[in-house]
Number of protein chains: 2
Amino acid sequence: MKYELDQAQELSAQIAQAIRDGIMEGRLIVDQRLPSESDLCEQFQVSRPTVREALKRLAAQNLIRTQRGASGGAFVNRLSFEDAYGQQITTSTLLLSMNAVSFETACEARFALERACVALAAQRRTPDQLAAMRAEIHRQSQPGLSDESFCASDVAFHRALVDAAGNPVMSYQLAGAVEAIEPLMNMITFTARKREKIVELHTLIADALEARDAATTEAVLGQLAEHTLELAREVARMRSKSA
Amino acid sequence: MKYELDQAQELSAQIAQAIRDGIMEGRLIVDQRLPSESDLCEQFQVSRPTVREALKRLAAQNLIRTQRGASGGAFVNRLSFEDAYGQQITTSTLLLSMNAVSFETACEARFALERACVALAAQRRTPDQLAAMRAEIHRQSQPGLSDESFCASDVAFHRALVDAAGNPVMSYQLAGAVEAIEPLMNMITFTARKREKIVELHTLIADALEARDAATTEAVLGQLAEHTLELAREVARMRSKSA
DNA sequence: TTTTTACAAATGTCTGACAATTAATTTTTC
DNA sequence: GAAAAATTAATTGTCAGACATTTGTAAAAA
């Protein structure tokens, strides 16, 4: 392998990119061992700290893992769905908070995407997934629950709904949409009355899924979206009044 | 700020996590300057290379940017939609290729999510977006086009469809679903006849969107999904026969 | 044969230095 | 006095070399 490095970027970034390309193009395959750090130093004609900075960049993206010891080194990592979920959620959350994305926009995206799961979920939902949804519904109807816990349970309910579609790629794609909205939801205060309504709609969704009734599920989900937006508008009104 | 570091993980990973938490919890805000590397060395009681490895991890996630010079340093970066797209596509592509996700699963996810955009796209599509779609359709009907270019244009068409929903969060969430399937699509050979069919369906979609007809768009998208899956099945049959 | 020890290879970390870049400051020049 | 040029200081980027730590392997001892 021959490498040509440009002077424009930092060396560590270029080295990381060269290795990343190797992984994405399939020249480096899962569990393959990269050359040792000293070998990489020679190949790229740089010092060890520079090579290490490059490797740390890749480690941050879960593209490689390192092992110490005699037969250690850096290995191409199989990107697990679990790892990908985490990255997805981190990125989505920051994207929303740093770009001042409105609650309406985030909420619209979330419910639109969630609705895409409903048809599949109605076909494929397992008893376990239904049980998970009912468990969250039960939690949500506990009286002493804090707003934060209520939101967390809400997210868990919707995660279960998404998972019920039985398509891991969709679960991954939607992880961000569903989870990243939690910080925004946390700004809403849920009165007992509002919670009651949400729990009622959640119950209807679970019932419709149990009956494998996609149309009803979709309709109720639409109501839930409307209700959630209404809550947000109320908060906005309160804010503008007090200001 | 007081930091407690555990001995279990690498120091650079722990330091990166501590700073990442600060960003995600809002203690460090966009464009804020982090302490200089030497200051961080003192705060965390580690050497400069270790601090630098931590910073490179964060740079790999676009969470910080660094600037050399007198008033330089590391700054909290505003995660742009552009950056987030890139990360999303990288992660999705690797996730699919490394976990041997079947074409059926990826395709199902893609079309289901895309269908979620249709209602909004029918309302909001702009003339520019329609023009972009028609331009890709025109490219796809060129006779000399390679399979790779055809696939790339197909992806561009679907990106335009997603963008037509006018919701940047959805565009971001779907970037992975739409783009990551390209390597899988590249395994399919498109005969002239098959291309004709695809171009025909794309045209119907563009027409329906122009007419703001969500129902028709959705129906045609369903046909396109079915047609794409049929192509994949054909390839699978050929493979098993020749093997 | 089993256990222990020693060794070797690799990553993790540290120290100290120098290079390159950039903003601010000072000096020079007109 | 104002503008241009040179200097300085701060900061990141890179390098060299060393030692610590971990871990697999091989040799030695029981």
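Letters A, B, ... mirror the listed sequences (proteins, then strands); counts begin at 1.
- Closest approach to the A/Arg48 side chain among C/dT11, C/dT15, D/dT12 is made by C/dT11 (side chain taken as heavy atoms from C-beta onward).
- Across all strands shown, A/Arg65 has no heavy atoms under 4.0 Å from either base or sugar-phosphate atoms.
- Looking at B/Ser12 and B/Arg57, their side chains do bring a donor and an acceptor atom within 3.5 Å of each other.
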What does the list of N/O pairs under 3.5 Å between the protein and nucleotides 23-28 of chain D look like, with a distance for each?
residue : atom : partner : partner atom : Å
D/dT23  : O2   : A/Ala70 : N            : 3.2

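- Between B/Gln14 atom CD and C/dT13 atom P the separation is 9 Å, expressed in whole Å.
- Under 3.5 Å, the side chains of A/Asp163 and A/Ser171 contain a donor-acceptor pair of N or O atoms.
- Between D/dT11, D/dG13, D/dC15, one nucleotide has an atom nearer to the side chain of B/Ser36 than all others, and that is D/dT11.
- Spacing between atom CG of A/Leu55 and atom C1' of C/dT13 amounts to 15 Å, rounded to whole angstrom units.
- Taking the side chain of B/Glu37 as heavy atoms from C-beta on, and the options C/dA10, D/dG13, C/dT13, the nearest nucleotide is D/dG13.
- Between A/Arg124 and B/Glu108, at least one side-chain nitrogen of the basic residue sits less than 4.0 Å from a carboxylate oxygen of the acidic one, meeting the salt-bridge criterion.
- The distance from atom CG of B/Leu40 to atom P of C/dT13 is 16 Å, rounded to the nearest whole Å.
- A side-chain N or O of A/Gln17 and one of A/Arg20 form a donor-acceptor pair less than 3.5 Å apart.
- Taking atom NZ of residue B/Lys56 and atom P of nucleotide C/dT13, one finds them 17 Å apart after rounding to whole Å.
- Between the side chain of B/Thr93 and the backbone N or O of B/Ile89 there is at least one donor-acceptor pair closer than 3.5 Å.
- At C/dG12, none of the side-chain N or O atoms of B/Ser12 fall inside 4.0 Å of OP1 or OP2 (strictly under the cut-off).
- Considering only the side chain of B/Ser47, C/dC14 comes nearest among D/dT12, D/dT14, C/dC14.
- Considering only side-chain N and O atoms, B/Thr50 lies under 4.0 angstrom from the phosphate OP1 or OP2 of C/dC14.
- We find that CD1 of A/Ile64 is positioned 10 Å from P of C/dT11, with the value rounded to whole Å.
- When rounded to the nearest whole Å, the span between CZ of A/Phe75 and C1' of C/dA9 equals 12 Å.
- Atom CD1 of B/Ile188 and atom OG1 of B/Thr228 lie 7.5 Å apart (nearest 0.5 Å).
- Rounding to whole angstrom units, CZ of residue B/Arg52 and P of C/dG16 are separated by 18 Å.
- Atom C1' of nucleotide D/dT11 and atom CG of B/Leu34 are separated by 13 Å, given to the nearest angstrom.
- A donor atom on one side chain and an acceptor atom on the other are not found under 3.5 Å apart for B/Thr91 and A/Tyr172.
- Checking C/dC14, D/dC15, D/dG13 against the side-chain heavy atoms of B/Val46 singles out C/dC14 as nearest.
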